Each structure stands twice: as structure tokens, then as C-alpha cells.
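The structure under discussion appears below in the form of C-alpha cells.
Computed from a predicted structure; not experimentally measured.
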Amino acid sequence: MPELPEVETTRRGIAPHLTGRRVRAVVVREPRLRWPVPAALVEGLTGTRIEAVERRAKYLLLRTARGTALLHLGMSGSLRLLKADTPAGKHDHLDLVLDTGHCLRLTDPRRFGAALWCEGDGHDHALLSGLGPEPLSDAFDADHLHTAMHGRKLAVKALIMDAHVVVGVGNIYASESLFLAGIHPQRAAGRIGRARCERLVQAIKQVLTEAIAAGGTTLRDFVGGDGKPGYFAQELRVYGRTGEPCRACGTPIRQITTGQRSTYYCPRCQR
DNA sequence: CTTTGCACCTGTTGGC
DNA sequence: TGCCAACAGGTGCAAA
């Protein structure tokens, strides 16, 4: 479910309720997430004040004086703030009980998400240290993308979804960005010129910015930190619109598979 | 090093 | 109406 806009929406929803609060207890109901929830997470957070809630790629970082909790929502995860005594459902795997009488609850039916702990600020963690730039930062520009694409035979869609190149571009927004840039998703990355590279960078920034402003995309079960759904779905240009008319030219949108992921594009607008 | 395909897991959907 | 295969927002890792 969550791509970068959803994670950022979640961060903005929960940060005001967590920042400066102390964690009274950590309840692990199901430790079998993508990796086992480590005892160090419980030990590190319990009794500790959360100093800041940050985001790097699709990870949420809860910063404390003792170390940093890393949370990832995988495909189906969500975080909500609830009253601490709210009964837990089947997929409510983790609670951070706060000194406010509320708790931050991680729900994740497919358990592809993660809750990890690291000493330090988290950026040195093996999962984060090799990541590419944030898509909305100045570090992600045409120079960077053009260099990353040079000599690559990989489909451009797969390349922009590679977190070593740029983080936060998931399956929905990859299709959306390529439509905006007028680039065929299966074009070899190395065969895209400088000018179209610039267009693609701008398209990615635009799509992600719009989606964050709309509070993310709701497909099935996404809810932000405040429990409200996002509204970007109604603005999707190609994703999930197989056979429906292109909003620009009316040609039916096509669906193909690229790198084992569904890909949507307009055969007329994208070359 | 690059590219491909799989694995993890549960719930929903669409076609017969 | 009911069943079951196909598919779903991510991403690390093994194998080619």
C-alpha cells in the first residue's frame, strides 16, 4: 500500500502526537514481521522520550536519545493513533503505549513491514546507508538520473523504482510519472536522452508532491496516521485504468507487466 | 556488476 | 451463488 506519499502522510499525521512524548511500554503481539521484531526495540524504546519523527525513503524513524526505531509499512501496513485500551484486532502486531493514554498501533495483514532498532540516528543502518537521494530533494536532478541511467538496459520503469537510484517511487507513481513525462515504461534506461531525463525528474517530483498534498492514494486499505483515507486515487492518470480512455488523447490505457509488476501506460502519449 | 526471478504473507477480486 | 486462481501498494536476496 504505502508509497512515499502515504508514508509521508502518515508521518505528518502521527508526528504531533509522538514528538516529546515518553513511551511507557512496547507491546509486541506478533514478532514475525519481515524480520523478527528485536528485543532491542522494546528495550530501547521503553521509558524513552521520542525526540523526533523523521522519514527516509519509505522508512519512518522515531528518534530517541538511546537510538532510533525504524518502521516500514511494507505492502499492507498502516499506523494509527488510538486510545491505549482499544481492543487489538487480528493484524495489530505492535503498540507503542505513550504517556498520553494513547498508543501508536502498527497493523499489517501481510507482515511485509518491519520494526527495527539501531543505535545512532538510523542513517548508518545497512538498510538505509546505500539508498539513493530523496526524490523531492535537490540532490535528485537530471544529472543524477542521467548518470544512473547511462549504459543500463533495464526498463526505465524498473530503474526509477530502484531505491539505489532514487527512493520512494513505487509501482503507482512510477507509471504516473512516466505518463507525465511521455516516456514508454519499457524503454531501456540507457536510451533516454538528457532532455527527457529532465522531464522525468520533474514529473516524479510533481506526481509525488501532488500525491502528498492529496494525503496519498487510497486503493484498498490505506489510512494515514489520523485514520482518514487519502484522495489521490481520483487523480490517477493511468494506474489501474486499463481500457479506459487516456485523459490526454482518449486512446485506451494499456496494462503490461514489467519486472513482475503491473504497468499502465498510454501507447500514444508515451514513446 | 547487471539483470532476473523469487520469496515473504494474507485478503480481495474477478472470471468461470 | 460459490469456488479458486490471480493479483495487490515493497524490497532484500539468490541465481544467472
* **Nearest listed nucleotide, side chain of A:Q260, among B:dT10, C:dA8, B:dG5** => B:dG5
Nearest-Å distance for atom pair [atom1]/[atom2], residues [X] and [N]:
{"X": "A:I172", "N": "C:dG9", "atom1": "CD1", "atom2": "C1'", "value": "5 Å"}
{"X": "A:F112", "N": "C:dA8", "atom1": "CZ", "atom2": "C1'", "value": "10 Å"}
{"X": "A:E3", "N": "C:dA8", "atom1": "CD", "atom2": "C1'", "value": "12 Å"}
{"X": "A:D92", "N": "B:dG11", "atom1": "CG", "atom2": "P", "value": "12 Å"}
{"X": "A:K157", "N": "C:dG10", "atom1": "NZ", "atom2": "P", "value": "9 Å"}
{"X": "A:L159", "N": "B:dT4", "atom1": "CG", "atom2": "C1'", "value": "15 Å"}

* Is a donor-acceptor pair below 3.5 Å formed from side chain A:R110 to base B:dC9, judging by atom type as modelled? -> yes
* To do: Compare all side-chain heavy atoms of A:L79 with those of A:L60 and state whether any distance is below 4.5 angstrom.
  => yes
* Between atom NE2 of A:H144 and atom OG1 of A:T147, what is the distance when rounded to the nearest 0.5 Å? -> 8.0 Å
* To do: Find the distance between CD (A:E134) and CG (A:L208) and round it off to the nearest 0.5 Å.
  => 10.0 Å
* A:S262 side chain N/O closer than 4.0 Å to the phosphate oxygens (OP1, OP2) of C:dC7? -> no
* To do: Using only side-chain N and O atoms of A:Y239, determine if any of them is under 4.0 Å from OP1 or OP2 of C:dG9.
  => yes
* Is a side-chain donor or acceptor of A:K58 paired with a backbone partner of A:E6 at a separation under 3.5 angstrom? -> no
* Asked: What is the nucleic acid contact for A:R32, judged by heavy atoms within less than 4.0 Å: base, sugar-phosphate only, or nothing?
  -> nothing
* Would you find more than 12 non-hydrogen atoms of other residues, nucleotides or ligands less than 6.0 Å from A:R63 atom CZ? -> yes
* Asked: Under 4.5 Å between side-chain heavy atoms, hopping through other hydrophobics if needed: is there a path connecting A:L127 to A:L33?
  -> no
* To do: Treat primed atoms plus P, OP1 and OP2 as sugar-phosphate and everything else as base, then score nucleotides 11-16 of chain C 5' to 3': B for base contact with protein heavy atoms under 4.0 Å, S for sugar-phosphate contact only, - for none.
  => BB----
